[in-house]
Every structure is written in C-alpha cells, then in structure tokens.
2 protein chains.
Amino acid sequence: MAKTRSYSKKREGILEVMRQTNCHPSAEWVYQKLKPKFPDLSLGTVYRNISLFKEEGTVISIGTVGGQERYDANLAPHAHLVCDKCGAVADVWTELPVDSFYQEVEGTCGGKILRHEVIFHGLCQNCLEAETAFIES
Amino acid sequence: MAKTRSYSKKREGILEVMRQTNCHPSAEWVYQKLKPKFPDLSLGTVYRNISLFKEEGTVISIGTVGGQERYDANLAPHAHLVCDKCGAVADVWTELPVDSFYQEVEGTCGGKILRHEVIFHGLCQNCLEAETAFIES
DNA sequence: TTCGTTGCAAACATTTTGCAGTTTC
DNA sequence: GAAACTGCAAAATGTTTGCAACGAA
C-alpha cells in the first residue's frame with residue numbers, strides 16, 4: 001500500500017522556494033536559499049524531499065547543467081534556454097508544435113511517448129549583452 | 001595560439017567506436033567496448049578524449065541519463081527518445097520544425113540561440129513490447 | 001506509541017586532475 | 001628534444017543512504 005505522508009515544515013519550505021523562483025534551481029541552490037530560515041537544514045533533506053516531489057510529479061527535472069541536476073516547479077508546458085556561458089536556465093514560452101508529432105514519432109520508432117522537452121542552447125540575455133558590449137568597446 | 005594535436009591510436013579508436021554505434025554511449029560504455037582492443041586503456045583517457053571531441057564539436061552531449069553523460073557522434077540534426085524504464089536512447093528522425101522558431105524565441109527571451117535539442121521521454125520499443133506482453137498475459 | 005522525517009557523516013558514483021613515464025613529431 | 005598523450009591513483013563533485021534522534025499523528 002501507499003506510504004502515508006506526514007506534515008513537515010521543511011518540506012513545505014523547500015517546495016515554496018522552488019515555486020517562488022523561476023531560476024530552475026539545483027538542490028544546492030534550494031539549500032542555500034533556505035539555510036537562513038532553517039539553520040539546521042541538511043542538504044540530504046533537500047535531496048530527499050526533491051526526490052519525493054519528482055516521484056509524485058510536483059516538480060520535474062529539466063536535466064543537468066554543469067554537473068548539477070536542475071528542477072522546475074512550473075508544470076505548465078514550456079521550453080528552456082540554457083546559457084552556454086553562465087549556466088542560467090530561462091523559460092521559453094513560445095509554443096512549439098512538438099506534441100502534434102507524437103503519433104508520427106511513435107509510428108517510426110516503435111516506442112511510446114509520454115512527454116517531451118525542448119532545450120535551446122545559446123546565450124541568455126545577460127551574457128549576450130555583456131558580449132555585445134565587449135565587442136563594441 | 002591554438003594547441004597542436006598529435007596523432008593518437010587510442011583517440012582514433014574512441015572516436016571510431018562512438019561513430020560506429022547509435023546507442024549514444026557513456027564514457028564507461030566506450031571504455032568497456034575498447035578494453036579488449038587496448039588492454040591498457042584507462043578510463044581517464046576516454047574522458048579526456050571525449051572532452052576534446054566535445055570542444056571541437058566532433059561529438060555532442062545529449063544529456064545525462066541515470067547519472068551518466070551520454071554522447072552522440074552523429075551530428076545530423078535529430079531528436080532522441082529516452083526510455084524511462086531501461087535508459088536506452090533512440091534516435092528520432094522525424095523532422096520537427098523547431099528551427100523555424102529561433103527568431104521568435106530570441107525576440108521574446110532576449111538571448112541568442114545557437115542550437116536546440118528535443119528529447120522525448122517514454123518507453124523504447126523493447127520496453128513497450130515487454131509491457132504489452134505482460135498486460136496481455 | 002508508531003512511523004515518517006531529519007541531521008550528520010559515511011558511502012557512492014561519476015568525472016577530473018597531478019604526476020611520471022611514453023609516444024608523436 | 002619538445003610537446004602531446006597516457007596510465008594510474010588520488011581528488012573533487014554531486015547525490016544517496018544508514019542510523020540514531022526528533023517530530024507529527
């Protein structure tokens with residue numbers, strides 16, 4: 001049978017922090033962000049709770065950037081832009097018609113598609129502006 | 001100035017193995033595959049050379065599956081299907097018109113897009129068939 | 001009281017690195 | 001001979017886990 005779940009102030013805090021940001025945080029980032037509020041917080045607890053969130057679908061993993069897994073608590077379907085320079089992950093809300101290809105893709109590869117992810121790579125706004133300023137100087 | 005590059009039999013072997021498979025190998029997989037041919041091969045050498053390939057664009061990283069980075073030496077633009085069950089990565093050759101949105105996306109997010117990646121998640125053909133067989137039994 | 005939750009530190013797994021010896025040019 | 005390449009083992013990094021103490025129901 002399914003495991004019961006007790007209330008936990010720290011779990012609540014972890015989810016809250018993840019929902020309040022759109023920086024697609026790593027576990028470490030969440031930990032640092034919460035450390036002032038919960039001085040006895042442990043990194044293991046952050047990992048354990050994020051694990052739970054992933055299992056129940058409360059947050060999703062959007063991949064690894066610079067060796068660290070990054071998460072998103074915003075479940076509305078959207079794409080991401082990963083900055084090659086600074087590792088920032090920005091939301092991309094442009095609608096991309098990838099969904100409409102599921103059936104076609106399943107037909108050619110013989111598998112079953114449950115979801116998809118679009119990741120753009122390049123420069124975030126900050127790094128692009130910094131680079132442009134440098135070239136113009 | 002740019003560093004010169006010497007010939008290396010092992011480097012050649014590593015690239016050859018990566019080009020001959022379409023399993024999107026991890027460093028460990030490449031190492032195991034080459035160990036019989038080069039009994040004194042070291043895992044560090046595999047990592048170092050794959051690093052070079054990535055820098056010069058000879059292979060690309062397609063992300064991390066089950067904690068291991070996976071690579072693709074096939075540079076023709078295509079998408080991938082990552083199996084949630086067994087971690088296999090399959091090529092998806094269906095053309096997805098994501099490129100045509102670069103300009104629009106750059107306009108809304110203010111960054112610079114250099115490339116993109118589409119990752120489908122679900123079940124590979126093998127795992128789908130296994131599951132179907134199980135349900136029908 | 002029972003069982004989920006946590007801190008802590010140790011354990012793990014993957015990847016990187018320093019160094020001394022080897023190979024390429 | 002100089003510079004690149006490699007094996008090896010140690011280090012670094014991110015993540016997981018065992019256990020005893022703690023907190024919620």
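Source: prediction; values computed, not measured. Naming convention: chains lettered A, B, ... in sequence-line order (proteins, then strands); numbering from 1 in each chain.
For B/Thr45, the listed nucleotide lying nearest its side chain is D/dG7; candidates were D/dC5, D/dT15, D/dG7. Listed nucleotides C/dT6, D/dG14, D/dT6 differ in distance to A/Tyr47; the shortest reach to its side chain belongs to D/dG14. Listed nucleotides D/dA3, C/dT15, D/dA24 differ in distance to A/Tyr7; the shortest reach to its side chain belongs to D/dA24. Distances were taken from every side-chain heavy atom of A/Asp40 (C-beta onward) to each of D/dC5, D/dA25, C/dG7; the shortest belongs to C/dG7. Between C/dG18, D/dC5, C/dT24, one nucleotide has an atom nearer to the side chain of B/Arg48 than all others, and that is C/dG18.
Atom-to-atom, CZ of B/Phe53 to P of D/dC5 comes out at 11 Å; the value is rounded to the nearest Å. The CH2 atom of A/Trp29 sits 17 Å away from the P atom of D/dG14 (whole-angstrom rounding). At whole-Å resolution of the value, CD in A/Glu28 and P in D/dA12 are 17 Å apart. We find that CG of A/Asn49 is positioned 14 Å from P of C/dG4, with the value rounded to whole Å. Atom CD in B/Glu55 sits about 17 Å away from atom P in C/dT15, given to the nearest Å. Look at CG on B/Leu41: it is 15 Å from P on D/dC5, rounded to the nearest Å. Rounded to an integer number of Å, the gap from B/Leu43 CG to C/dT17 C1' is 13 Å. Rounded to an integer number of Å, the gap from B/Gln68 CD to C/dC12 C1' is 13 Å.
Between A/His80 and A/Phe120 there is no side-chain heavy-atom pair separated by less than 4.5 Å.
Shown here for A/Gly87 and A/Arg70, the closest heavy-atom pair between the two residues is O-NH1, 3.2 Å.
For the OP1/OP2 pair of C/dG7 and a distance below 4.0 Å, the side-chain nitrogens and oxygens of A/Ser42 include at least one atom meeting the criterion. For A/Lys10, a side-chain nitrogen or oxygen approaches OP1 or OP2 of C/dG7 to under 4.0 Å. For D/dA4, neither phosphate oxygen OP1 nor OP2 lies less than 4.0 angstrom from any side-chain nitrogen or oxygen of B/Ser8. In this model, the phosphate group of C/dT6 is not approached by any side-chain N or O of A/Lys9 to a distance below 4.0 Å at OP1 or OP2.
With respect to B/Glu131 and A/Lys112, no salt bridge is recorded, no charged nitrogen being found less than 4.0 Å from a carboxylate O. Using a 4.0 Å cut-off between a side-chain N of Lys or Arg and a carboxylate O of Asp or Glu, A/Arg115 and B/Asp84 qualify as a salt bridge. A salt bridge does not link B/Lys10 with B/Glu16: every distance from a Lys NZ or Arg NE/NH1/NH2 to an Asp or Glu carboxylate oxygen is 4.0 Å or more.
Within 4.0 Å of B/Glu69, counting heavy atoms only, lie sugar-phosphate atoms of the nucleic acid but no base atom.
For the pair B/Tyr71 and B/Arg5, nearest-nucleotide mapping onto DNA chain C gives the more 5' position to B/Tyr71.
The base of C/dG4 does not come close enough to the side chain of A/Arg11 for any donor and acceptor atom to sit less than 3.5 Å apart.
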